[in-house]
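Indexing begins at 1, ligand by ligand and atom by atom, following the structure's order. Quick caveat: nothing in here was measured; it's all calculated off a predicted structure.
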Amino acid sequence: MDEIISTLCELEASSYHLVTDKTVGRLHAPTVFDRLVGEAPTRLWVVEDGESAKSVSTVEQLAHDMVRAGIDRGGVIVAVGGGVIGNLAGLTAALLFRGVRLVHVPTTLIAAADSVASLKQAVNLPLGKNLLGCYHKPTAVLIDLGFLQTLPAAQIRSGMYEIIKNALTVATENIPLLESGLNPNAIYSDSEFAVIVKAGLLAKQKVMLVDKCERRQALAFEYGHTVGHAIELAANGRVPHGEAVGLGMIVAAKVASRLGRLKEADLELHYRLLRLNGLTFRLPAGVSVATVMALLRTDNKRGYVSARPEQVAMILLEGLGAPAGPVDRPLILVEASLIQSCIKECLVDIEDVSYDENRL
Ligand code: NAD
């Protein structure tokens, strides 16, 4: 915390604007705020928790409040929270005066080990996730691993799915660490978190160095997100982002296996790692295959490659650490009917099939 405060002060901001949500606003943001307010003009802005707050209206409200409070081009916006707060603060920082400085103080595993290393800032539209956004580089990322200890197990697991995804797609050197270290209870010490966060960030850095806008090689980070985003949207906030990506990864692996691209042993490794992280291979209650299929059409990778209406562009693996397709465009067009059949095979219990067939 001393280093976080001193590094923030070194930025010599005209004012600091901490953005947080209600939960982190109770647990951790006051610690940062109380220490910083004694050093420089500082405001704390608290938004609602969760994905539904990740909207353009929240960004507008934040910008409005900050301008009214006197922020100028020398101000610094500090995101104290998870990936949602990182994106909200990030997009506000990118837009205010066409760009003010942004600092991330991540408090979830997803944010600490993954999203802070991305320049992508976006909010959702009712029609789909992350549809409205831009790129904005943080000036600093300051992590206090102690913050992660208050995370509910579901949130830790959620972050771990992104780390599993990065290991399967671009950082196979982390697979042994995950096989020996993952536990379904999601209880990890500070030193275990340190190893995990470092592994996550190095995996991300490896690809970001050659593709900082994540439009070419780094599209591999979208592994599991095509079906995952659709499940997350369909579940309407009831399923953590990472868990939805975990479900999406098993469908992507099954699709690749059915296409003869992925070996059985590699598909089995997907199951093993995801199970070690506590995943239940089932669509969330109340989410039908038909809804997921309909939402696939809003996937934000559409347009990278031209596809027929019944095709969906997906990241698939040809092996561990080997995304299929051209290196700088690792997208494969898959027939929607194959995806639908793989969702049913991997994520729908036998007794649910008749229920889903009726709804289709
Ligand atoms: P989140 O920010 O909603 O946090 C999840 C929940 O955990 C919230 O209720 C929050 O209040 C709570 N929380 C945060 N820190 C806590 C702590 N220390 N103790 C207890 N509770 C705490 O979501 P997330 O899972 O961190 O991130 C998911 C979001 O990140 C998605 O919107 C996703 O699109 C985005 N994301 C962006 C990128 C990118 O490239 N920019 C990458 C990955 C994910």
**Report entry** Residue selection (non-hydrogen contact nearest atom 33 (C) of ligand 1) among K120, K129, K204
**Finding:**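 Minimum heavy-atom distance to atom 33 (C) of ligand 1 goes to K129.
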Query raised in the report: Where the closest heavy atom to atom 14 (C) of ligand 1 is concerned, which of L148, V80, T108, V245 has it?
Result: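 Shortest heavy-atom distance from atom 14 (C) of ligand 1: T108.
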Atoms in ligand 1 flagged as close to [X], the criterion being non-hydrogen separation under 4.0 Å:
| X | value |
| --- | --- |
| Q155 | 5 (C), 6 (C), 7 (O), 25 (O) |
| L27 | 19 (N), 20 (C) |
| V24 | 13 (N), 14 (C), 15 (N), 16 (C) |
| N130 | 34 (O) |
| T23 | 11 (O), 21 (N) |
| H28 | 18 (N) |
| T150 | 17 (C), 18 (N), 19 (N), 20 (C) |
| D49 | 9 (O), 11 (O) |

Could you tell me if [Y] and [X] have a donor-acceptor pair between their side chains, going purely by distance under 3.5 Å?
| X | Y | result |
| --- | --- | --- |
| S341 | R258 | yes |
| N124 | E51 | yes |
| E162 | N166 | no |

Requested in this report: Count the heavy atoms of every other residue, nucleotide or ligand shown that sit under 6.0 Å from CD of E48, and state whether that count exceeds 12.
Outcome: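 Atom CD in E48 is not packed in, count stays at 12 or less.
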Is there at least one pair of N or O atoms, one from [X] and one from ligand 1, spaced under 3.5 Å apart?
| X | result |
| --- | --- |
| K54 | yes |
| H241 | no |
| E162 | no |
| G81 | no |
| D114 | no |
| E51 | yes |

Residue portion contacting ligand 1 (non-hydrogen atoms closer than 4.0 Å) for [X]:
| X | value |
| --- | --- |
| I110 | side chain |
| N87 | side chain |
| K22 | neither |

Query raised in the report: Can you tell me if K254 uses its side chain to pair, donor with acceptor, with the backbone of C346 under 3.5 Å?
Result: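 No: the side chain of K254 does not pair with the backbone of C346.
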Requested in this report: Say whether, by atom type as modelled, one donor and one acceptor occur between the side chain of S118 and the main chain of K120 under 3.5 angstrom.
Outcome: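 Side chain of S118 to backbone of K120: a pair is present.
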Checking a contact table here: which protein heavy atom is nearest [atom], and how many Å away?
| atom | value |
| --- | --- |
| atom 22 (C) of ligand 1 | L151 CD2, 3.6 Å |
| atom 1 (P) of ligand 1 | V84 CG2, 3.8 Å |
| atom 43 (C) of ligand 1 | S115 CB, 3.5 Å |
| atom 11 (O) of ligand 1 | D21 OD2, 2.7 Å |
| atom 24 (P) of ligand 1 | G83 N, 3.5 Å |
| atom 40 (O) of ligand 1 | S118 OG, 2.9 Å |
| atom 15 (N) of ligand 1 | T107 OG1, 2.7 Å |

Query raised in the report: What do you reckon, are the aromatic ring centroids of Y16 and F33 less than 6.0 Å apart?
Result: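 No.
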Requested in this report: Look at the aromatic rings of H229 and H241 and report parallel, tilted or perpendicular, splitting at 30° and 60°.
Outcome: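 It falls in the tilted class, 30° to 60°.
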Query raised in the report: Distance from S189 atom OG to L148 atom CG, nearest 0.5 Å?
Result: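 Nearest 0.5 Å value for the OG-CG distance: 11.5 Å.
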